[in-house]
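To keep things clear, I will list the structure first and then write my remarks on it.
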Amino acid sequence: MTPFASGTLVQSVDWLTIAPPTLTAVVALAVLVADLFVPPERKRLLGLVATAGLAAALALLIPLRAGDRATFCLTAQAQAQAHTQSAACSYTADRFTLVVQLLVLGGALLTALLSLDETRAKLPAGEFWFLLLSSAAGAALLPASRDLATLVVALEVASLPAFALVGLKRGDRMSGEAALKFFLSSVTATAVTLLGVSFVYAATGTLHLTELAARLDDVPGQLETLAEAGVALTLVGFAFKTAAVPFHFWVPDTYVGAPLPVAAYLSVVGKAVGFTGLILVTVVAFPSHADIWGPTLAVLAALTMTAGNVAALRQVSTRAWSAVRLLAWSSVAQAGYLLVPIAAAAYSSDDQIGATVAYALMYAVVNLGAFAVVALVARSHPGNRLSDYRGLYATSPAAALALAFFLLNLAGLPPGIIGLFAKVTVFSAAVDAGLGWLAVIMGLNVVIGLYYYLRWTALLFRPAPETAPAPETAPAPQAEAPAAVPESPAPRRAPAPVPVTAAIVLTAAAGAVLSGYPQLALRFAAAGLF
């Protein structure tokens, strides 16, 4: 634990505790400065430095694995003034923090692997790596935040660079439109969140989450309505961030307009950020108002999973970008499943939160893997239609088998055992909390999801459509035989870039390990996190 100076307002900082997000931010600044001096032909070095920085940040989680450190705590004098006996800290590296930091930094590292080839030809390297690392630093800071001010700052540090990442394809109208929609929805969410936070602070006089949990029980009667309004507005703000219905309208167009690695990043890391913040404000800060956020999140979960699955079901295979749109709507449906254990925590115990974390780990691995294969196919089929995947097994057996494995995990079918176990865990959380109606709705939605995931999987193994040969015509008479021109070779499939291949292999291996030993993820559901 971090020591602090007794009787003073001087705090000491535990640098090891804050090392993962700090190192990520430092590498981001280093890349930004280096971009001014690195010649264009050597910009690839920036990507290698960024990838190494994310790997180093992940390694710094190892000495923190005990999950018993904190820093930026109230001093003894400040605690006395606040009339509290327990230390209230703004940054805590507990088990929950470390698991989510592993998820977001690992997701950012895989995104970096997918982006190495993109930044060499299509995207400005310096800006891209600075923005990606900055967003990852904010995402890593957020699960450790234990006061509302730090929580909101971390949320915006994670979100603001993402706007620019989405619109980084210069001159692309779809990219600019996607960035604008994402920006407007996120700014609205931030404004609503800040209004809710201000109401909560006015009613309680504190921003620390643990202090809020205690003081919301003793709010004076004349401030009770203000506190309830603050809780509701804060929940609405985070519902925007998690893409819960009806705050999901920005997702499909944003994913289609963004570069594919950025869409993959938003689908996993962006979602993890929103759900982490939602868990902290509900379970840690507002447990006394579970009668407000419990039913609200249960209804949002039902609406979100239903809207996402129905929209994914209606995707036309010949429509441009239908593969990315299906993954976008699938991510909305998955958000509904992730909301279920949080809602269940209002009716039973905090242990239900572990089911959300376990499901998020599974989803992060397989969804990033699916996007990696989509990025690979996009090299030869820029339209990225679902119909473009017909016969993929004949041309790229390994990619087809990997994508089939990822889709079956998302559907919750063998051999993706971790996907099945994660869904069963979420389903059990709803049943144990007495939310039988929500469990029934989830079961129906899982059946809907089976159809479109299996439809895409079946396309991979169907024969590729045959193209009719051009009709032969008699050669035109020529006065003089032309010089012999060598025949052009038949077009060949471009070899897969090594970083993209590495991302597919890593995600497939992680999915296989988790399927063989699902307790690695599911033990969090059994033991709880807080």
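- Under 3.5 Å, the side chains of Glu156 and Thr190 contain a donor-acceptor pair of N or O atoms.
- Side-chain contact check for Lys271 and Thr242: no donor-acceptor pair (N or O, by modelled atom type) lies under 3.5 Å.
- The main-chain N or O of Leu326 is never found under 3.5 Å from a side-chain atom of Ser330 such that the two would form a donor-acceptor pair.
- When atom types are taken as modelled, the side chain of Gln315 and the backbone of Ala311 share a donor-acceptor pair closer than 3.5 angstrom.
- One N or O on the side chain of Ser159 and one on the backbone of Leu155 form a donor-acceptor pair closer than 3.5 Å.
- The backbone N or O of Leu338 lies less than 3.5 Å from a partner atom in the side chain of Thr356, making a donor-acceptor pair.
- At distances below 3.5 Å, at least one donor-acceptor pair connects side-chain atoms of Ser175 with backbone N or O atoms of Val166.
- Side-chain contact between Tyr359 and Thr425 is absent, with no heavy atoms from C-beta onward closer than 4.5 Å.
- For the pair Ser198 (side chain) and Leu195 (backbone), a donor-acceptor distance under 3.5 Å is present.
- Side-chain contact between Phe371 and Val268 is absent, with no heavy-atom pair separated by less than 4.5 Å.
- Residues Leu297 and Leu278 form a side-chain contact, since some pair of their non-hydrogen atoms from C-beta on lies under 4.5 Å apart.
- The ring pair (Phe, Tyr, Trp, His ring centres under 6.0 Å) pairs that include a residue from residues 229-249 are Phe240-Phe247, His248-Trp329, where partners are two or more places apart or lie in different chains.
- Residues Asn367 and Thr507 fail the side-chain proximity criterion, which asks for heavy atoms closer than 4.5 Å.
- By the 4.5 Å heavy-atom criterion applied to side chains, Leu514 and Met362 are not counted as neighbours.
- Applying the side chain to side chain donor-acceptor pair (under 3.5 Å) test to Gln101 and every residue at least two apart in sequence or in another chain returns Tyr91.
- Side chain to side chain, Tyr389 and Asn384 meet the donor-acceptor criterion of an N or O pair below 3.5 Å.
- Under the side chain to side chain contact (heavy atoms under 4.5 Å, CB included) rule, Phe199 has a single partner from Leu233, Thr204, Val231, Leu223, which is Leu233.
- Remark: of the listed residues Leu459, Leu408, Val373, Val373 is the sole one forming a side chain to side chain contact (heavy atoms under 4.5 Å, CB included) with Leu403.
- Evaluation of the ring pair (Phe, Tyr, Trp, His ring centres under 6.0 Å) test over residues 255-290, restricted to residues two or more places apart or in two chains, returns none.
- With sequence neighbours excluded, the residues forming a side-chain contact (heavy atoms from CB on, under 4.5 Å) with Ala508 are Phe406, listed by chain and number.
- One distance of note links CG of Leu386 with CZ of Arg390; it measures 13.0 Å at 0.5 Å rounding.
- Ion pairing of Asp253 with Arg325 is present here, as a side-chain N (NZ or NE/NH1/NH2) and a carboxylate O approach within less than 4.0 Å.
- The number of heavy atoms from other shown groups lying within 6.0 Å of CZ (Phe461) is above 12.
- Note on residues 174-198: pairs passing ring pair (Phe, Tyr, Trp, His ring centres under 6.0 Å), not counting sequence neighbours, are Phe163-Phe182, Phe163-Phe183, Phe182-Trp250.
- Here Lys423 pairs with nothing under the salt bridge (charged side-chain N to carboxylate O under 4.0 Å, His left out) rule; sequence neighbours left out.
- Side-chain contact check for Trp321 versus Arg385: every heavy-atom pair is 4.5 Å or farther apart.
- Looking only at side-chain heavy atoms (C-beta outward), Asp94 and Asp68 stay at 4.5 Å or farther from each other.
- The minimum heavy-atom distance between Ala285 and Leu216, with the atom names listed, is O-CD1, 3.6 Å.
- No side-chain heavy atom of Ser515 sits under 4.5 Å from any side-chain heavy atom of Phe421.
- A donor-acceptor contact shorter than 3.5 Å links the side chain of Ser267 to the backbone of Ala264.
- For the atom pair CD1 of Ile292 and OG1 of Thr282, the computed distance is 12.5 Å after rounding to the nearest 0.5 Å.
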